[in-house]
Visitor: 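Here it is, the structure in full.
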Amino acid sequence: MLKGLYILGEDNYEKIYAPEERKDISKYVDIYAEPQTSQSVFDNPDLLADLEVIFSGWGGPKIDEE
């Protein structure tokens, strides 16, 4: 199973991903931590060690080398 995280603006998780969508995603992707923000991932980059899939939205991170 793929390893994934939700990384987006703090208040946007529930607005973008309804319970039915999250249930469907969980059939294919192991979401191994609570929803994250750009800042929480920046503060704890170890969260990305096993990451294969990012589910994002408004306020999501800029994906770059940094």
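Since we're looking at a predicted model, the values are computed, not measured.
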Visitor: For Ser38 versus Gly60, what's the shortest heavy-atom pair and its separation?
Guide: OG-C, 3.4 Å

Visitor: Taking all heavy atoms of Met1 and all of Glu52, pick out the closest pair and write down the distance.
Guide: O-OE1, 4.1 Å

Visitor: With side chains defined as the heavy atoms from C-beta onward, is the minimum distance between Ile16 and Leu8 less than 4.5 Å?
Guide: yes

Visitor: Let me confirm one number: the CG-OH distance from Leu47 to Tyr32, rounded to the nearest 0.5 Å.
Guide: 6.5 Å

Visitor: Evaluate the salt bridge (Lys or Arg N to Asp or Glu O under 4.0 Å) criterion for residues Asp50 and Lys3: first the C-alpha distance (whole Å), next the side-chain angles of each, then the deciding distance (0.1 Å), finally the verdict.
Guide: CA-CA 7 Å; Asp50 296 324; Lys3 300 280 188 180; over 6 Å; no

Visitor: Which pair of heavy atoms, one from Gln36 and one from Ala33, lies closest together, and at what distance?
Guide: NE2-CB, 4.0 Å

Visitor: Apart from Phe42 itself, what residues make up its hydrophobic cluster when side-chain heavy atoms of I, L, V, M, F, W and Y under 4.5 Å apart count as a link, directly or indirectly?
Guide: none

Visitor: Hey, could you give me the CD1/CZ distance between Ile25 and Arg22, rounded to the nearest 0.5 Å?
Guide: 9.0 Å

Visitor: Once side chain to side chain donor-acceptor pair (under 3.5 Å) is applied, do any residues pair with Asp43, and if so which ones, sequence neighbours excluded?
Guide: Gln39

Visitor: Parallel, tilted or perpendicular: which fits the ring planes of Tyr6 and Phe55, with parallel below 30° and perpendicular above 60°?
Guide: tilted

Visitor: Are there more than 12 heavy atoms of other residues, nucleotides or ligands under 6.0 Å from atom CD of Glu10?
Guide: no

Visitor: Do Ile7 and Tyr17 land in one hydrophobic cluster if side-chain heavy atoms of ILVMFWY residues count as linked below 4.5 Å?
Guide: no

Visitor: Is it the case that the side chain of Asn12 and the backbone of Trp58 share a donor-acceptor pair, with hydrogens and angles ignored and the cut-off at 3.5 Å?
Guide: yes

Visitor: Applying the 4.5 Å side-chain criterion to the ILVMFWY set and letting contacts propagate, would Tyr28 and Val53 be lumped into a single cluster?
Guide: yes

Visitor: To the nearest 0.5 Å, how far apart are CD1 in Ile31 and CG in Leu5?
Guide: 6.5 Å

Visitor: When clusters are formed by joining ILVMFWY residues with side-chain heavy atoms under 4.5 Å apart, either directly or through shared neighbours, do Leu48 and Ile54 land in the same one?
Guide: yes

